[in-house]
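For reference, the structure discussed in these notes is given below.
Order of appearance sets the numbers: ligands from 1, and atoms from 1 within every ligand.
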Amino acid sequence: MKLQVAIDRVPVEQAVRIIQAIDGQADIIEIGTSLTKEFGLRALRPVLEAAGNTSVLADIKTCDEGAYEFDLGFDLGFDYLTVMGSASMGTLETCAKSTETHGRVMMIDLLECDEQRIERISGFQNAIYCLHTSVDSGATADPVAQVRAFKARFPQIRHIAIAGGIKQHQLAALAQENIDIVIMGSAITKADDITAACQACRKEMQ
Ligand SMILES: O=C(CO)[C@H](O)[C@H](O)COP(=O)(O)O
């Protein structure tokens, strides 16, 4: 299970400082939707540079204009981009095509997608499907139960991530569930000691 650290609701300079504080401990650095909206993808080059060899995901949550947004993000150097599961099949397909052309990774955000919808969009073999509880609806209460229920219902989906208020104490059990990525934002990036919080999460996952 990879650790993706989500950086949200800070200026670009602080995002760079957070990346330095994490110091190579994240497998993937996420540039949160809040930064992509406030500053725009082109203004995020310093973040890409600070990440060095660590993979960077831009959480652009594409819902239309898939080819334009994905080509732009991958051409700028992002390794992972996100598209909403609620987007049209046309958008999901053009995002998948752009991802394949660029040799990168597409993450499908399942925020508020019901079972019927997930079934319909479950055919993107190489995509990572992100179980996502909205920040506005509260934290993910029981991530292990959520993952188990999802796997049982959608055995055809091979790559899974989970996000939404995940806490350090949930990591050890989650690490046994054979998912691809756990996404942690506030629990790390809003901690008083970001380095220590990230180290503690990493340890919990071992
Ligand atoms: O995608 C997001 C919000 O839409 C966040 O990046 C994601 O929820 C992780 O942050 P946190 O752990 O603080 O919830």
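Classified by interplanar angle (parallel below 30°, tilted 30° to 60°, perpendicular above 60°), the ring pair F70/F74 is perpendicular.
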List, one per line, each side-chain donor-acceptor pair under 3.5 Å for residues 180-189, sequence neighbours excluded.
| unit_1 | atom_1 | unit_2 | atom_2 | d |
| --- | --- | --- | --- | --- |
| D180 | OD1 | I160 | N | 3.0 |
| D180 | OD2 | H159 | ND1 | 3.1 |
| T189 | OG1 | G185 | O | 3.2 |

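Across every non-hydrogen atom of A87 and L92, the tightest pair is O-CD1, 3.8 Å.
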Begin from the C-alpha positions of Q170 and E204 and carry the test side-chain hydrogen bond (donor to acceptor under 3.5 Å, both in side chains) through to its verdict. CA-CA 9 Å; Q170 296 172 318; E204 198 81 28; over 6 Å; no
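Using a heavy-atom distance under 4.0 Å as the criterion, the protein contacts of ligand 1 are A6, D8, E30, D59, K61, H132, V135, G164, G165, M184, G185, S186.
Side-chain contact of S34 with D8: a donor-acceptor pair under 3.5 Å is present, judged by distance alone.
Side-chain N or O atoms of T82 include one that pairs as donor or acceptor with a backbone N or O of I60 at under 3.5 Å.
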